[in-house]
Peer 1: 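This is the structure I have questions about; it appears just below.
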Amino acid sequence: MIGASAVSVRLGGRDVVADVGLDVHRGEWLAIIGPNGAGKSTLLKAVMGLVAHRGEVTIDSRPAAALKPRARARLVAYAPQSPALPPDMSVFDYALLGRTPYIPYLGRESGHDRRVAASVLDRLDLTELGTRRVGELSGGERQRVVLARALAQEAPVLLLDEPTTALDLGHQQQVLELVDRLRRADGLTVVTTLHDLTVAGLYADSLLLMAEGRAVAAGRPAQVLTEALVGRHFDAQVKIERGPDGRPVVHLVRGGP
C-alpha cells in the first residue's frame with residue numbers, strides 16, 4: 001500500500017534521510033523508531049510529499065508524485081507532531097477539515113461529513129470539547145484533535161508522527177487501541193513514528209530502525225528490539241524481556257554510582 005525506494009532528503013546542506021526504503025502492505029502497521037535526529041519525521045514528510053526528496057514513493061501501487069493533492073488526500077491522512085492550529089476555530093470545525101477532500105470546490109460539507117466528524121470526536125473522547133476553541137486546549141487535547149482531523153479523512157493510509165506525544169497514559173492507550181481497531185476492522189494501513197520502544201513493539205507488525213538518516217534494521221519487533229541494536233543506536237543500557245504476549249519489553253538499566 002505504501003512503498004518507498006532509495007528515498008533521500010537533503011536539508012541544510014546534508015542528507016537527513018539517505019537511501020531509505022520501506023514496503024507496507026494493506027492493513028499492516030509499521031512503526032519507525034530511532035534516536036532524536038535520526039530522520040524519522042522527515043521520512044514521513046517525504047512519503048506525504050511535504051518535502052522535496054530523491055527516490056520514489058508509491059501509494060497503492062501508483063507513483064505518489066503523479067497524484068493530485070485531492071487524490072492523495074483521499075488515499076493518505078497525515079497527523080504531524082506539531083501542527084499549526086488555528087486558535088479561534090472550534091474543535092468540531094477543525095475535525096471537519098478532514099472532510100475537505102470530499103467537499104466540492106465552492107461547496108459546503110454534507111450531513112454525512114458532519115456525522116463522520118462527530119463520530120471521530122466521540123471515539124477520541126472529544127465530544128464535550130466540540131464547541132471549545134482549539135487555542136484553549138491542553139497539549140494532550142490538541143494532540144487528539146489533530147488525530148481526529150486525520151481520521152475524519154477516512155483515507156486507507158494513516159501516517160502519524162508521534163501520535164502519543166503529550167498524552168497521559170490512559171489517552172495513549174485509548175488512541176493506540178482505536179488506531180489498531182480501525183486497522184483491523186477497515187484494513188487501514190498505518191505508519192507511525194514512536195518514541196516509546198515498548199509501545200512500538202506492542203502495537204506494530206514491523207519496525208524500521210533509523211540512525212543518522214539511514215535504515216539500520218527492519219523486521220518484526222523481536223528482530224529489531226534487541227539489546228545489541230538498541231544499546232548501540234540509542235547509546236543506552238537496556239534489558240529486553242518477552243512480555244505476556246511474547247512481544248519485547250524494553251527496560252532501562254541503571255548505571256553505576
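Note that the structure is predicted; figures quoted are calculated from it, not measured.
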Peer 1: Please examine the side chains of Val20 and Val9, heavy atoms only from C-beta on, and report whether any two atoms are closer than 4.5 Å.
Peer 2: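 The answer is no, as the side chains (C-beta and beyond) never meet within the 4.5 Å cut-off.
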Peer 1: Output every pair passing salt bridge (charged side-chain N to carboxylate O under 4.0 Å, His left out) with a member in residues 71-99, not counting sequence neighbours, ordered by first then second residue.
Peer 2: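 Found Asp88-Arg133, Arg99-Asp113, Arg99-Glu154.
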Peer 1: With a 4.5 Å cut-off on side-chain heavy atoms, are Leu75 and Arg62 touching?
Peer 2: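 Arg62 reaches Leu75 side chain to side chain.
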Peer 1: Evaluate the criterion salt bridge (charged side-chain N to carboxylate O under 4.0 Å, His left out) for residue pair Arg214 and Asp15; output intermediate values, then yes/no.
Peer 2: CA-CA 10 Å; Arg214 296 185 177 275; Asp15 283 341; over 6 Å; no
Peer 1: From Glu109 CD over to Ile103 CD1, what is the distance, rounded to the nearest 0.5 angstrom?
Peer 2: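 Those atoms lie 5.5 Å apart.
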Peer 1: Same cluster or not: Leu121 versus Met89, using hydrophobic residues (I, L, V, M, F, W, Y) connected whenever any side-chain heavy atoms lie under 4.5 Å apart?
Peer 2: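 Leu121 and Met89: one cluster.
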Peer 1: To the nearest 0.5 angstrom, please state how far the CD atom of Gln174 sits from the OG1 atom of Thr164.
Peer 2: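 Answer for the CD-OG1 pair, Gln174 versus Thr164, is 13.0 Å.
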Peer 1: Suppose the criterion is side chain to side chain donor-acceptor pair (under 3.5 Å): which pairs have a residue in residues 34-44, not counting sequence neighbours?
Peer 2: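 Side chain to side chain donor-acceptor pair (under 3.5 Å) check on residues 34-44 returns Ser41-Asp161.
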Peer 1: For Gln172, I'd like to know if atom CD has over 12 heavy atoms of other residues, nucleotides or ligands within 6.0 Å.
Peer 2: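 Yes, enclosed.
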Peer 1: Suppose clustering is done on Ile, Leu, Val, Met, Phe, Trp and Tyr with side-chain heavy atoms closer than 4.5 Å. Which residues sit in the same group as Tyr105?
Peer 2: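 Answer for Tyr105: none, a lone residue.
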Peer 1: May I ask you to test the His53-Val17 pair for a side-chain heavy-atom distance under 4.5 Å?
Peer 2: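 A side-chain contact is absent here, since even the closest heavy-atom pair is not under 4.5 Å.
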Peer 1: When you measure from the side chain of Arg181 to the backbone N and O of Leu176, does any donor-acceptor pair fall under 3.5 Å?
Peer 2: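 Checking the backbone N and O of Leu176 against the side chain of Arg181, no donor-acceptor pair under 3.5 Å is found.
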Peer 1: With a 6.0 Å cut-off (strictly less than), is the heavy-atom count around CZ of Arg242, excluding the residue itself, greater than 12?
Peer 2: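 Counting neighbours around CZ of Arg242, more than 12 heavy atoms of other residues, nucleotides or ligands fall under 6.0 Å, so yes.
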Peer 1: What residues join Leu225 in its hydrophobic cluster, counting side-chain heavy atom gaps under 4.5 Å, either direct or through other members?
Peer 2: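 Members besides Leu225, by chain and number: Ile33, Leu197, Leu207, Leu209, Val216, Val224, Leu229, Val230, Phe234, Val238, Ile240, Val250, Leu252.
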Peer 1: Does Asp235 have more than 12 heavy atoms from other residues, nucleotides or ligands lying within 6.0 Å of its CG?
Peer 2: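 Incorrect, the count does not exceed 12.
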Peer 1: Scan for ring pair (Phe, Tyr, Trp, His ring centres under 6.0 Å) pairs involving residues 158-211, sequence neighbours excluded, and state none if there are none.
Peer 2: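 Listed by first then second residue: Trp29-Tyr203.
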Peer 1: Cluster question for you: counting only ILVMFWY and a side-chain heavy-atom cut-off of under 4.5 Å, with indirect links fine, are Tyr78 and Leu124 together?
Peer 2: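 Different clusters: Tyr78 never reaches Leu124 through Ile, Leu, Val, Met, Phe, Trp or Tyr contacts under 4.5 Å.
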Peer 1: So which heavy atom on Ala73 is nearest to which on Pro101, and how close?
Peer 2: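 Result for this residue pair: CB-CG, 3.5 Å.
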Peer 1: Passes side-chain contact (heavy atoms from CB on, under 4.5 Å), Thr189 versus His25? Steps please.
Peer 2: CA-CA 7 Å; Thr189 303; His25 297 282; over 6 Å; no
Peer 1: Apply the hydrophobic cluster definition, ILVMFWY joined by side-chain contacts under 4.5 Å directly or through others, and give me every member besides Leu169.
Peer 2: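 Reading the cluster by chain and number, Leu169 sits alone, since nothing else belongs.
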Peer 1: Should we say atom CZ of Arg26 is surrounded by more than 12 heavy atoms from elsewhere, each under 6.0 Å from it?
Peer 2: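 Incorrect, the count does not exceed 12.
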Peer 1: Roughly how far apart are Gln81 CD and Lys45 NZ, rounded to 0.5 Å?
Peer 2: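 One finds 9.0 Å between CD of Gln81 and NZ of Lys45.
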Peer 1: So do the side chains of Met210 and Ile32 get within less than 4.5 Å of each other, counting heavy atoms only?
Peer 2: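 Answer yes - side chains close enough.
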Peer 1: Please check if Val134 and Val120 belong to a single hydrophobic cluster, counting links between Ile, Leu, Val, Met, Phe, Trp and Tyr side chain heavy atoms closer than 4.5 Å.
Peer 2: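 Same hydrophobic cluster.
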Peer 1: Tell me, please, which residues at least two apart from Glu128 pass side-chain contact (heavy atoms from CB on, under 4.5 Å).
Peer 2: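 side-chain contact (heavy atoms from CB on, under 4.5 Å) list for Glu128, sorted by chain: empty.
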Peer 1: Can you sort out the partners of Ser206 under side-chain contact (heavy atoms from CB on, under 4.5 Å), two or more places apart, ordered by chain and number?
Peer 2: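 Result, side-chain contact (heavy atoms from CB on, under 4.5 Å) vs Ser206: Leu30.
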Peer 1: Once side chain to side chain donor-acceptor pair (under 3.5 Å) is applied, what residue pairs with a partner in residues 217-228 remain, sequence neighbours excluded?
Peer 2: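 For residues 217-228: none.
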Peer 1: Hey, are the side chains of Arg70 and Tyr102 touching, using non-hydrogen atoms and a 4.5 Å cut-off?
Peer 2: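 No - every pair of side-chain heavy atoms lies 4.5 Å or more apart.
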Peer 1: Determine which pairs satisfy salt bridge (charged side-chain N to carboxylate O under 4.0 Å, His left out) with at least one residue from residues 186-209, sequence neighbours left out, and list them in order.
Peer 2: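 Every pair satisfying salt bridge (charged side-chain N to carboxylate O under 4.0 Å, His left out) with a residue in residues 186-209: Arg183-Asp205.
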Peer 1: Which value, rounded to the nearest 0.5 Å, describes the distance between Gln143 atom CD and Ser138 atom OG?
Peer 2: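 Between Gln143 CD and Ser138 OG, I get 10.0 Å after rounding to 0.5 Å.
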Peer 1: After noting the C-alpha distance and the side-chain angles of Thr58 and Ile2, does the key distance pass the side-chain contact (heavy atoms from CB on, under 4.5 Å) rule?
Peer 2: CA-CA 6 Å; Thr58 59; Ile2 287 283; over 6 Å; no
Peer 1: So if you build clusters from Ile, Leu, Val, Met, Phe, Trp, Tyr with side-chain heavy-atom gaps below 4.5 Å, do Val116 and Val76 land together?
Peer 2: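 Looking at the clustering, Val76 is in a separate group from Val116.
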Peer 1: Can you sort out the partners of Arg184 under side-chain contact (heavy atoms from CB on, under 4.5 Å), two or more places apart, ordered by chain and number?
Peer 2: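 Listed in chain order: Asp180.
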Peer 1: Can you check whether Val190 reaches Glu28 side chain to side chain, under 4.5 Å on heavy atoms?
Peer 2: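 No - every pair of side-chain heavy atoms lies 4.5 Å or more apart.
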Peer 1: Can you check side-chain contact (heavy atoms from CB on, under 4.5 Å) on Ile59 and Val47, steps first, answer last?
Peer 2: CA-CA 9 Å; Ile59 302 171; Val47 170; 5.7 Å; no
Peer 1: Same hydrophobic cluster for Val179 and Met1, using side-chain heavy-atom links shorter than 4.5 Å among ILVMFWY?
Peer 2: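 Val179 and Met1: separate clusters.
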Peer 1: Once side-chain contact (heavy atoms from CB on, under 4.5 Å) is applied, do any residues pair with Ala79, and if so which ones, sequence neighbours excluded?
Peer 2: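 Scan of Ala79 (side-chain contact (heavy atoms from CB on, under 4.5 Å), adjacent residues dropped) gives Val146, Ala150, Leu160.
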Peer 1: Should we say atom CD of Glu212 is surrounded by more than 12 heavy atoms from elsewhere, each under 6.0 Å from it?
Peer 2: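 No.
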Peer 1: OG1 of Thr192 to CG of Leu158: how many Å apart, nearest 0.5 Å?
Peer 2: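 The OG1 atom of Thr192 sits 9.0 Å away from the CG atom of Leu158.
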Peer 1: How far apart are the C-alpha atoms of Val7 and Asp19, what are their side-chain angles, what is the distance that settles it, and do they pass the side-chain contact (heavy atoms from CB on, under 4.5 Å) test?
Peer 2: CA-CA 5 Å; Val7 170; Asp19 295 320; over 6 Å; no
Peer 1: Mind checking the CG-CG spacing from Leu178 to Leu147? Nearest 0.5 Å is all I need.
Peer 2: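 The distance works out to 7.0 Å.
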